[in-house]
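Computed from heavy atoms alone, side chains included, the values below leave out hydrogens, waters and symmetry copies.
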Amino acid sequence: MRIDVVSIFPTIFDALEVSLLGKARQSGLLDVAVHDLRDYTHDRHRTVDDTPYGGGAGMVMKPEPWGEALDDIVGGAAERPVIVFPSPAGERFTQSIARELSAAPHLVFGCGRYEGIDERVFDYAAELGDVRLLSLGDYVLNGGEVAVMAMVEAIGRLVPGVVGNPESLVEESHEDGLLEYPSFTKPAVWREREVPPILLSGNHGAVASWRREQQIERTRLRRPDLLAD
């Protein structure tokens, strides 16, 4: 999978060099390139923002640098990429969307800042690829970088080969619409707290039933909205 990220703070994404995603980049499973939006400006101040038409507080990211960045990254591509812009006005990012995007051969992420990106950029991007505006939740961040980091990790770990044991992905929270069951390890008793006896029984069928019950109960208590869905 190829992943391109456009940001005015490219060094934030140095964190992608560590852990499983870093190993995936080294092995060639993920080809990640981070681009500085200011490299596509032509004034000595490397300006990427300006005042909004119609007035109002804050600044808006100019369309020209974004257009040149997209032309450079996407122009002439054999396949249309999926172009993702994090936005509090976007569709909620979920595990199912992460799995969907993990099958895409090329993802481009655009990190907005200030009061957002000139709306015309999204229209232009739709001529080059399939545009998705995605939100991590009903809150506002200072910029898209943190959201893109979360999305890249959620998507990247689903690419075949990135996680060593693919079975570990099957029973995670949200994979089947429920939260994951609680996990325990040695010792069997820790600070007077015991591991549930069923997990020590060796009865795999009973363990599976207990875990399913725990998934449903945990979801009912913590995320009843998921059961409604």
Side-chain angles (χ1 to χ4, degrees), residues 1 3 5 9 11-27 29-30 32 84 86 88 90-103 107 109 111 134-229:
M1 169 185 280
I3 298 175
V5 180
F9 297 113
T11 55
I12 289 178
F13 295 93
D14 290 349
L16 294 177
E17 293 293 339
V18 301
S19 190
L20 289 176
L21 293 188
K23 293 179 181 179
R25 294 180 71 179
Q26 294 169 15
S27 67
L29 288 171
L30 296 178
V32 182
V84 177
E91 175 186 8
R92 187 176 64 177
F93 181 71
T94 63
Q95 184 70 10
S96 62
I97 290 177
R99 186 163 291 283
E100 175 190 345
L101 295 180
S102 71
L107 298 176
F109 290 90
C111 302
L134 298 175
S135 170
L136 289 188
D138 297 335
Y139 49 87
V140 178
L141 300 170
N142 285 333
E145 285 79 11
V146 170
V148 167
M149 286 284 290
M151 292 179 193
V152 168
E153 177 149 331
I155 295 165
R157 64 193 301 275
L158 296 175
V159 173
V162 171
V163 174
N165 182 4
E167 292 184 5
S168 66
L169 300 174
V170 175
E171 296 180 335
E172 292 181 323
S173 292
H174 304 294
E175 278 295 331
D176 62 354
L178 299 173
L179 301 183
E180 189 174 6
Y181 52 76
S183 298
F184 300 87
T185 187
K186 300 176 181 63
V189 180
W190 175 74
R191 298 190 180 185
E192 301 181 0
R193 293 169 172 80
E194 298 183 0
V195 171
I198 189 67
L199 298 179
L200 308 177
S201 69
N203 185 331
H204 298 297
V207 169
S209 296
W210 179 86
R211 285 175 169 170
R212 188 64 176 178
E213 292 169 0
Q214 291 295 310
Q215 281 188 281
I216 295 171
E217 181 63 10
R218 178 176 277 194
T219 305
R220 184 185 69 81
L221 290 173
R222 300 181 183 177
R223 291 291 305 277
D225 56 302
L226 297 177
L227 290 178
D229 291 341

Asker: Please report the closest heavy-atom contact between Leu136 and Ala150, naming both atoms and the distance.
Answerer: CD1-CB, 4.1 Å

Asker: Measure across Ala188 and Leu200 and return the closest heavy-atom pair with its distance rounded to 0.1 Å.
Answerer: CB-CD1, 4.3 Å

Asker: For Ser135 and Pro88, which heavy atoms make the closest approach, and how far apart are they?
Answerer: OG-CA, 4.0 Å

Asker: Below 4.5 Å, heavy atoms only, C-beta onward: do Ile97 and Glu91 meet side chain to side chain?
Answerer: yes

Asker: Kindly compute the distance separating CG (Leu134) from CE (Met151), expressed to the nearest 0.5 Å.
Answerer: 5.0 Å

Asker: Heavy-atom count check: over 12 atoms from other residues, nucleotides or ligands less than 6.0 Å from Asp14 CG?
Answerer: yes

Asker: Any chance you could lay out the side chain to side chain contact (heavy atoms under 4.5 Å, CB included) test for Lys186 and Val195, step after step, and finish with the verdict?
Answerer: CA-CA 9 Å; Lys186 300 176 181 63; Val195 171; over 6 Å; no

Asker: Considering all heavy atoms of both residues, which atom of Cys111 and which atom of Val5 are nearest to each other, and what is their separation?
Answerer: SG-CG1, 4.0 Å

Asker: Report the C-alpha separation of Phe93 and Ile155 in whole Å, then their side-chain angles, then the decisive distance to 0.1 Å, and conclude whether the side chain to side chain contact (heavy atoms under 4.5 Å, CB included) test is met.
Answerer: CA-CA 11 Å; Phe93 181 71; Ile155 295 165; 4.1 Å; yes

Asker: Do the non-hydrogen side-chain atoms of Ile216 and Leu178 ever get within less than 4.5 Å of each other?
Answerer: yes

Asker: Assess whether side chain to side chain contact (heavy atoms under 4.5 Å, CB included) is satisfied between Leu21 and Ile3, documenting all intermediate values.
Answerer: CA-CA 12 Å; Leu21 293 188; Ile3 298 175; over 6 Å; no

Asker: Treating Ser201 as the side-chain partner and Pro197 as the backbone partner, does any N or O pair qualify as donor plus acceptor under 3.5 Å?
Answerer: no

Asker: List the steps and the verdict of side chain to side chain contact (heavy atoms under 4.5 Å, CB included) for Leu221 and Glu217.
Answerer: CA-CA 6 Å; Leu221 290 173; Glu217 181 63 10; 3.7 Å; yes

Asker: Under the salt bridge (charged side-chain N to carboxylate O under 4.0 Å, His left out) definition, can you give me all pairs with a residue in residues 141-155, not counting sequence neighbours?
Answerer: Arg113-Glu145

Asker: Quick one: CZ on Arg211 to CZ on Arg218, what's the gap to the nearest 0.5 Å?
Answerer: 12.0 Å

Asker: Do side-chain atoms of Arg99 reach the backbone of Leu158 as a donor and acceptor pair under 3.5 angstrom?
Answerer: no

Asker: Glu17 and Gln26: which non-hydrogen atoms are nearest, and at how many Å?
Answerer: O-NE2, 4.5 Å

Asker: So do Met1 and Leu107 actually touch side chain to side chain, heavy atoms under 4.5 Å?
Answerer: yes

